[in-house]
Trainee: 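Input: one structure, supplied below.
Bear in mind the structure is a predicted one, so any value in this text is a computation, not a measurement. Residue numbers start from 1 in every chain, and the chains themselves are labelled A, B, ... in the order their sequence lines are given, proteins ahead of strands.
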There are 2 protein chains.
Amino acid sequence: MTTPDPDGLLAEQLLRLTRRVHRIQKRHLERDDLGVTPAQSRLLRTLAHYASPPRMADLAERLEVVPRAVTTLVDGLESSGKVRRMPDPANRRVTRIELTDEGHTTLRELRGARRSAAEEILAPLTEKERQVLGVLLDTLIEGDSGTRC
Amino acid sequence: MTTPDPDGLLAEQLLRLTRRVHRIQKRHLERDDLGVTPAQSRLLRTLAHYASPPRMADLAERLEVVPRAVTTLVDGLESSGKVRRMPDPANRRVTRIELTDEGHTTLRELRGARRSAAEEILAPLTEKERQVLGVLLDTLIEGDSGTRC
DNA sequence: CGTTCATTGTGAGTATAGGTAACAATGAGC
DNA sequence: GCTCATTGTTACCTATACTCACAATGAACG
């Protein structure tokens, strides 16, 4: 009651839980044999949110990683034919990333994997609790950009 | 309202948040220059929970990693003088892990780092919200061992 | 025009965290 | 004794993300 978070217990729970999320996600991805890693899956999903092909830098910002990390992810996805690097005619420094047809297909199949993984992870929670958790996590994530710099 | 978690959104928030936790934790550890990685910090903290020096296998189970991972962590901590491998007189296969004096000192200093890291992470939440989050995370973590096997 | 400076993506290398597989030493059961 | 399980470790592989340096390009400005 007095000390709900003595010395980072909550952060520890968070990390512990995430190792679990990671494992489950990986297992579901492997089960469906989609040939993408969790991080690649995230990039694919992010990609789908754009109306027009984003630049590498855009993806880096969205994914909250350094640009170099995006290069690695796109390398993998491109070599497996899920995305395509497209030169930007207006600015020859930028390359835009586009989903291929196969990428779209994978993305659809991925939805199933993601859904069942999420279901497994969130099984112990009721609908209501999931909503609450969602709000709390959102607050924490939002809080980041606010307190930054 | 109708679909609080369309296709693993919650899991994604969780992962995203954890990357943030990781970064913050790492930064705080580096700031204090304690010479331990986040995972090593976790092992040290786990170690403190035992009344008598645990075996490697015990630590692996508690940390939810394969024994091999513990070997690596202990290697690092031993080479920096924070823990000591002790042979078990009763069973010559097992090695027990003990905190050194320096390890105890580091652990104390670590508390500060952990606390400030946790504070930074949880800043956007009220006391009450933290409690709720704690319960939810606990439920999720507990749910694991239940549905396993 | 040329010089300087910022932007963009990437090569090279590193660190962290984790995993598998094989194995040697040891203990336990018959 | 022989067989089998346990314990930690050696050797190696993967995924993720980082820093640093750099080449190519674009922008600003004298």
Trainee: Tell me whether A:Glu129 contacts the main-chain N or O of B:Leu136 through its side chain, where contact means a donor paired with an acceptor under 3.5 Å.
Mentor: no
Trainee: Using the closest heavy atom to pick a nucleotide of DNA chain D for each, name whichever of A:Pro67 or A:Pro89 lands nearer the 5' end.
Mentor: A:Pro67
Trainee: Would a hydrophobic clustering, with Ile, Leu, Val, Met, Phe, Trp and Tyr connected at side-chain separations under 4.5 Å, put B:Val36 with B:Ile24?
Mentor: no
Trainee: Reckon A:Thr72 has a side-chain N or O less than 4.0 Å from the OP1 or OP2 of D:dT16?
Mentor: no
Trainee: Would you tell me if any nitrogen or oxygen in the side chain of B:Thr71 comes within less than 4.0 Å of OP1 or OP2 on D:dT9?
Mentor: yes
Trainee: Among the nucleotides C:dG9, D:dC18, C:dG19, which one has an atom lying closest to any side-chain atom of A:Val94?
Mentor: C:dG9
Trainee: Rounded to the nearest 0.5 Å, what separation is found between the CG atom of B:Leu44 and the CZ atom of B:Arg42?
Mentor: 12.0 Å
Trainee: Could you give the CG-to-P distance, from B:Leu43 to C:dT16, as a whole number of Å?
Mentor: 15 Å
Trainee: Take atom CD of B:Glu30 and atom C1' of D:dA17, then tell me their distance rounded to the nearest Å.
Mentor: 13 Å
Trainee: When you measure from the side-chain N and O atoms of A:Arg68 to the phosphate of C:dG9, is any distance below 4.0 Å, counting only OP1 and OP2?
Mentor: no
Trainee: C:dT16 P sits how many Å from B:Leu29 CG, rounded?
Mentor: 11 Å
Trainee: A:Asp75 CG to D:dT16 C1': how many Å, rounded?
Mentor: 14 Å
Trainee: 5'-most contact on DNA chain D: A:Ala39 or A:Asn91, nearest heavy atom basis?
Mentor: A:Ala39
Trainee: Would one find a side-chain N or O of A:Arg19 under 4.0 angstrom from OP1 or OP2 of C:dA17?
Mentor: no
Trainee: Provide, to the nearest angstrom, the distance between the CG atom belonging to B:Asp58 and the P atom belonging to D:dT6.
Mentor: 14 Å
Trainee: Using whole Å, report how far CD of B:Gln25 lies from P of D:dA17.
Mentor: 16 Å
Trainee: Minimum heavy-atom separation for B:Glu102 to B:Ser80, with atom names?
Mentor: OE2-O, 3.3 Å
Trainee: Just the rounded figure in Å: distance from C1' of D:dC18 to CG of A:Leu63.
Mentor: 15 Å
Trainee: Spell out yes or no: do the side chain of B:Arg93 and the base of D:dT6 have one donor N/O and one acceptor N/O closer than 3.5 Å?
Mentor: yes
Trainee: Considering just the side-chain nitrogens and oxygens of A:Arg85, establish if one lies under 4.0 Å of OP1 or OP2 belonging to C:dT10.
Mentor: yes
Trainee: Answer with base, sugar-phosphate or nothing: what part of the nucleic acid does B:Val66 contact at a heavy-atom distance below 4.0 Å?
Mentor: base
Trainee: Looking only at side-chain N and O atoms, does B:Thr37 come under 4.0 Å of OP1 or OP2 in C:dA17?
Mentor: yes
Trainee: Less than 6.0 angstrom from the centroid, inside 45 degrees of the normal: does A:Arg96 satisfy that with respect to the ring of A:Tyr50?
Mentor: no
Trainee: Distance check needed: C:dG9 C1' versus A:Met86 CE, whole Å only.
Mentor: 17 Å
